[in-house]
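Working notes, structure below.
Heavy-atom basis, side chains included; hydrogens, waters and symmetry copies ignored.
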Amino acid sequence: MISPMVARAARVGLLFVLVTSGWLVMMFARTSYAQSDTLQWSRAIPVSGALAGSRYPSIVAEDNGNVFLFWGFIEPGTRSTIFVSKFDGAAWTRPVDILFGGPRVLATLDGRGTIRLMFQSGENISLRDSNIHDATSVRGWTGGTNIDRGGANVLGDYALDAQSNIYSVWFQGIPDCKECYSIAYEKAGQGIDTSLSYRVLSDSETPPQRRLQLLRTLSETMYAMWDAPANDPNKVGIELTLSENGGETWLAEPRALAFTQEDIRQPLLIADKNGALLLVYNFGDKDEVFYSTSTDRGTTWTEPTPIPGLFSSRENGEDNYFAAATDSAGNTHLIAPGRAAKTQVESGLYHVQWDGTAWSRVQEMYRGNTTVDYPAIAIGNGNRLHVSFATSDRNPVGGSADRTFQVWYTTAQTQAPAQTRVPLPTFTPVPTSTPQPEPTSTASPTSTPTPLPLDPQVTAPVTGAVNTQEPIVIAIGVVVLVLVIVIGVNTLLRRRS
């Protein structure tokens, strides 16, 4: 017969085991959450090589794993040039100069396998295109047109629809005023007369602001957003307008967002999977990176809220913006130059995910003894993230402090389902206006690109999707087993006592 004291001690011990098991369940749950929003990024590699004036990358990706990386190259006293390098799943080709212009370049890829580049070319904006098979050679970029409506035209942004129609916004100079610009828009495509689709979205912006973004949502609503100057008592903010009918009509007056506390700096407008607008920005000189949301298409916004664990870069140029893309599951992936702590001195590159309700943990993608600038992101197959960015550092040659720029690449696999791009039927182009003359200067032809050896960590297999339920199932099994033991032992003690 077991004494009451021994029985009591046994029950206390079993209770301790039960509590400990419950604690393990919570720890497993926390671990599974951390795994579910953490990606395995490949080791970042410099693609631009010895081209020390490389910056402003833009990237597109095919669903088969091929990646095209474009960037601007400029050195003091030289004309800016656009370079390209291709990754075929095994190696990057040697960079090739394909066009004069830039240095900022915007690249897109459509379902017909056509790559388009928009860039500054003198006082005009050039839009050039090439099929994917010829995109790494000069001869592939003979097609395209210019946006030229008189005066100085400054690069803005553009988007494509499912039929490869092109929607463009830009800063258009006003001939009678050197420092006056309007926000202009047009739609171009097969059978579309751009003179009829042309619209002025804002009469005058003086001087031209640095940010002009065009956002086209899954519901086909389009938003145009630009920086708005301070208007006492408000600091620098944004203005946006929208169209729900393919650009035919826009709001009579733009909607504005500004705060009295700090300037909105480096704004990025995002549409999440719930149909809400998400604005990410640096807030004056504050340490954190902030965001606001709107559920009424930009009429009202929430107050500035810090993104947990993400801090702004100490060396943050006014044109150093964030980048974002949405995967096949509707999750938005934000790529941010910045820091992971207030005490961190050097900037790095960070990834954080928005699921429509909350932010994931911040994950470091790259950090070195450099300044990180100008991130760009593309998604292949609906779930593979391809990211490029530029770095700059001090290169004291002959006692001077010159900046050396490089363009980098890294990639990661998400847990979103695969979703291939829907191919579009081919068509015979029909000119809708007089073709624009090609620039008198041509880029120097180069020989067939030679593959460069790739960092082995880039081609290493990426770990498969983490089964986030497995740790919880194991923990529950452990608890059930402990409960069975507790009940059995307790019954035995009662019988013997």
N-O pairing of Arg339 and Asp287 below 4.0 Å = yes
Do any N or O atoms from the side chain of Ser182 and from the backbone of Ala184 form a donor-acceptor pair under 3.5 angstrom?
-> no
Student check: side-chain heavy atoms of Thr332 and Lys273 closer than 4.5 Å | no
Hey, are Arg367 and Glu346 close enough for a salt bridge, meaning a charged N less than 4.0 Å from a carboxylate O?
-> yes
State whether the number of non-hydrogen atoms from other residues, nucleotides or ligands found under 6.0 Å of Asn369 atom CG is greater than 12.
-> no
Are any of the side-chain nitrogens in Asp373 or Arg55 under 4.0 Å away from the carboxylate oxygens of its partner?
-> no
From Leu277 atom CG to Thr221 atom OG1, the distance as rounded to the nearest 0.5 Å | 9.5 Å
Are Arg199 and Tyr185 in a cation-pi setup, meaning NZ or CZ lies under 6.0 angstrom from the ring centre and within 45 degrees of the ring axis?
-> no
Would you say the side-chain atoms of Ser48 and Trp71 include a donor-acceptor pair closer than 3.5 Å?
-> no
Cationic tip of Arg265 above Tyr281 ring, under 6.0 Å, 45° of axis = no
Could you give the distance from CD (Gln213) to CE (Met225), rounded to the nearest 0.5 Å?
-> 4.5 Å
Would you call Glu248 and Lys187 a salt bridge, taking side-chain N to carboxylate O under 4.0 Å as the test?
-> no
May I ask you to check whether Trp92 and Phe87 place their ring centres under 6.0 Å from each other?
-> yes
Residues, nucleotides or ligands: over 12 heavy atoms within 6.0 Å of Leu218 CG = no
